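Written out below as structure tokens is the structure these notes cover.
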Amino acid sequence: DDAAGGGHNDGTTVNGRTIAGMMSTTTEGIRTQGAPQMEGQQSVYIARYGLPETALIEGKGPFDMELSGEGVKAAHELGAHLKERNVKHIFCSNFKRALHTAVLVSNDVGLSKVNIEEGITEWQSPGLIGGQTPYKPPSVIHLLERFPEINARYESITKPEPFETEQEMVERTGRVARILADSLFPSSILIVSHAPCNIGISLSFEGLGEGRRSESKVRPWPLGGLTQFTRNAISSPWSMIKSGSTDHLSGTWKEGRQAWTLPSLR
């Protein structure tokens with residue numbers, strides 16, 4: 001399949017400056033504003049990681065952990081689901097549970113690298129990163145020791161700082177995801193992040209501003225859940241194909257466990 005040959009199309013020349021500023025088409029097939037052909041089906045897959053090895057207690061932590069055995073299994077089930085779906089680039093949060101998921105999926109779909117994008121990192125709220133001493137994930141150079149699949153040449157589009165409101169997080173994640181999708185059109189991409197960020201991205205792709213969130217079709221996001229948006233031209237609106245789906249998972253995880261949604265959607 002196309003993804004199996006994607007080891008050379010994993011975003012190795014993509015960095016924050018290339019995506020945000022350099023409008024050209026590279027040998028990796030990165031299509032940007034200067035490209036003449038702007039048609040072709042593109043899907044953006046947005047995934048939440050599976051069960052972490054330690055539960056996060058809001059406001060107390062721990063705030064950063066890898067996957068449990070069940071979470072690893074869920075990541076492989078996601079990889080099997082995406083293997084024939086021509087995913088060309090993977091972007092993830094710099095928190096280890098999202099990164100761990102992205103690395104496992106990348107190996108399963110035949111991509112050699114994953115790109116850490118801090119613009120889709122965890123919501124910078126006291127409940128999710130700590131209040132008095134906000135947690136900050138390790139730098140890429142330290143994460144590379146555990147996850148050599150990280151693309152060290154990729155530079156994040158933006159790097160948020162504590163603290164931010166829900167609306168600021170929604171705007172931040174949505175803007176970054178749109179930049180990634182537009183810059184890589186028509187290549188399909190996978191984003192692995194946290195429930196708040198995934199919902200923020202989805203609201204952006206739905207085209208819903210702060211005053212229209214009640215119209216959203218985004219379901220509360222379970223562990224391991226997958227949402228897909230597709231469009232047929234860069235100027236076309238996005239169509240939601242699935243929201244928070246757990247059909248690719250096995251056992252009780254298929255039922256959609258530990259679903260989470262934004263305070264404004266509760």
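Being a predicted model, the structure only gives us computed values, none of them experimental. Counting begins at 1 with the first residue of the sequence.
- Panel note: side chain Asp64, backbone Pro137; no donor-acceptor pair is recorded below 3.5 Å.
- Taking both residues in full, the closest heavy atoms of Asp182 and Arg231 are given as OD1-NH2, 2.8 Å, listed atom of the first, atom of the second, then distance.
- For the residue pair Glu166/Ser264, the side-chain donor-acceptor check at 3.5 Å is satisfied.
- Remark: the His76 side chain and the Asp108 side chain contain an N/O donor-acceptor pair separated by less than 3.5 Å.
- Considering Leu128, Thr173, Ile199 as possible partners of Trp123, the one that fulfils the side-chain contact (heavy atoms from CB on, under 4.5 Å) test is Leu128.
- Using modelled atom types, one finds a donor on one side chain and an acceptor on the other under 3.5 Å when comparing Glu70 with Trp253.
- Between Gly79 and Val109, the closest heavy-atom pair is O-CG1, 3.6 Å.
- Side chains of Arg219 and Ser243: a donor-acceptor N/O pair is absent below 3.5 angstrom, by distance only.
- Inter-residue side-chain proximity for Gln258 and Trp221 is flagged as unmet; no heavy-atom pair is nearer than 4.5 Å.
- Val72 and Val105 are assigned to two separate hydrophobic clusters, defined by single-linkage of ILVMFWY side chains at heavy-atom distances under 4.5 Å.
- At least one side-chain heavy atom of Glu122 sits less than 4.5 Å from a side-chain heavy atom of Pro196.
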Leu99 and Ile116: CA distance, side-chain angles, deciding distance, side chain to side chain contact (heavy atoms under 4.5 Å, CB included) verdict
CA-CA 8 Å; Leu99 174 57; Ile116 288 180; 4.2 Å; yes

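- Proximity of Ile120 to Phe91: side-chain heavy atoms (C-beta onward) are separated by under 4.5 Å at one or more points.
- Using a 3.5 Å distance cut-off with no hydrogens or angles, the side chains of Ser188 and Asn86 do not pair a donor with an acceptor.
- Using a distance-only test at 3.5 Å, with no hydrogens or angles considered, a donor-acceptor pair links the side chain of Lys113 to the main chain of Pro148.
- For the pair Arg257/Thr252, a side-chain contact is recorded, criterion being any heavy-atom separation below 4.5 Å from C-beta on.
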Could you walk me through whether Arg172 and Glu164 pass side chain to side chain contact (heavy atoms under 4.5 Å, CB included), step by step?
CA-CA 10 Å; Arg172 182 245 304 171; Glu164 59 184 354; 2.3 Å; yes

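- Between Ser93 and Ser193 the shortest heavy-atom distance is CB-OG, 4.2 Å.
- A distance of 12.0 Å separates CD of Glu149 from CG of Leu143, quoted to the nearest 0.5 Å.
- Transitive grouping of hydrophobic side chains (ILVMFWY, heavy atoms separated by less than 4.5 Å) brings Val176 and Val218 into a common cluster.
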Which is it for Ile191 and Tyr45 under the side chain to side chain contact (heavy atoms under 4.5 Å, CB included) test, yes or no, and what are the steps along the way?
CA-CA 6 Å; Ile191 292 172; Tyr45 299 93; over 6 Å; no

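- Between Ser187 and His89 the shortest side-chain heavy-atom distance falls below 4.5 Å.
- With hydrogens and angles left out, the side-chain atoms of Ser204 and Arg178 include a donor and acceptor closer than 3.5 Å.
- Between the CG atom of Leu104 and the CG atom of Leu78 there is a distance of 10.0 Å, given to the nearest 0.5 Å.
- By the rule that hydrophobic residues join a cluster once side-chain heavy atoms approach within less than 4.5 Å of another member, Leu51 and Met65 end up as members of separate clusters.
- Nearest heavy atom pair, residue Pro160 against residue Thr121, reads CG-CG2, 3.5 Å.
- Note on Leu56: it does not cluster hydrophobically with Leu67, by side-chain heavy-atom contacts below 4.5 Å among ILVMFWY residues.
- At least one donor-acceptor pair under 3.5 Å links the side chain of Ser68 to the backbone N or O of Gly71.
- In this structure a side-chain-to-backbone donor-acceptor pair under 3.5 Å is missing from Glu171 to Glu168.
- Ionic pairing of Arg212 and Glu206 is not present here: no N-O contact between side-chain nitrogen and carboxylate oxygen is shorter than 4.0 angstrom.
- When only modelled atom types and interatomic distance are considered, Tyr154 and Glu117 share a side-chain donor-acceptor pair under 3.5 Å.
- Phe229 has its side chain out of reach of Ile201: every pair of non-hydrogen atoms, C-beta onward, lies at least 4.5 Å apart.
- The aromatic rings of His100 and Phe147 lie tilted to each other, with the angle between the two planes from 30° to 60°.
- Here CG of Leu203 is found 6.0 Å from CG of Leu265. Values are rounded to the nearest 0.5 Å.
- Counting only heavy atoms from C-beta outward, the side chains of Ile90 and Ile189 never approach each other to under 4.5 Å.
- For the pair Arg48 (side chain) and Val192 (backbone), a donor-acceptor distance under 3.5 Å is absent.
- In terms of modelled atom types and a separation under 3.5 Å, the side chain of Thr227 and the main chain of Gly244 share a donor-acceptor contact.
- Criterion: ILVMFWY side-chain heavy atoms under 4.5 Å apart, direct or through other members. Under it, Val114 and Leu144 are part of a common hydrophobic cluster.
- How far CG of Leu190 is from CG of Asn115: 11.0 Å, rounded to the nearest 0.5 Å.
- Separation of atoms OG (Ser202) and CD (Gln228) is listed at 11.5 Å; rounding is to 0.5 Å.
- Not a single donor-acceptor pair under 3.5 Å links the side chain of Ser156 to the backbone N or O of Lys159.
- If you check the side chains of Ser43 and Thr230, you find a donor sitting under 3.5 Å from an acceptor.
- Here the CE-CG distance, from Met169 to Leu262, works out to 5.0 Å after rounding to the nearest 0.5 Å.
- Judged by distance alone, the side chain of Asn94 and the main-chain N or O of Pro138 form no donor-acceptor pair under 3.5 Å.
- Here the side chains of Ile129 and Phe95 are in contact, with some heavy-atom distance below 4.5 Å.
- A salt bridge is absent between Glu77 and Lys254; no separation between the charged side-chain nitrogens and carboxylate oxygens falls under 4.0 Å.
- Listed here is the closest heavy atom pair of Phe185 and Gly40: CZ-O, 3.0 Å.
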Test salt bridge (charged side-chain N to carboxylate O under 4.0 Å, His left out) applied to Lys136 and Glu118, step by step:
CA-CA 11 Å; Lys136 186 174 182 180; Glu118 294 187 42; over 6 Å; no

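- Nearest heavy-atom pair, Leu223 versus Gly50, reported as atom, atom and distance to 0.1 Å: CD2-O, 3.8 Å.
- Side chain of Thr101 to main chain of Arg97: a donor-acceptor pair is present (N/O by atom type, distance under 3.5 Å, no hydrogens or angles).
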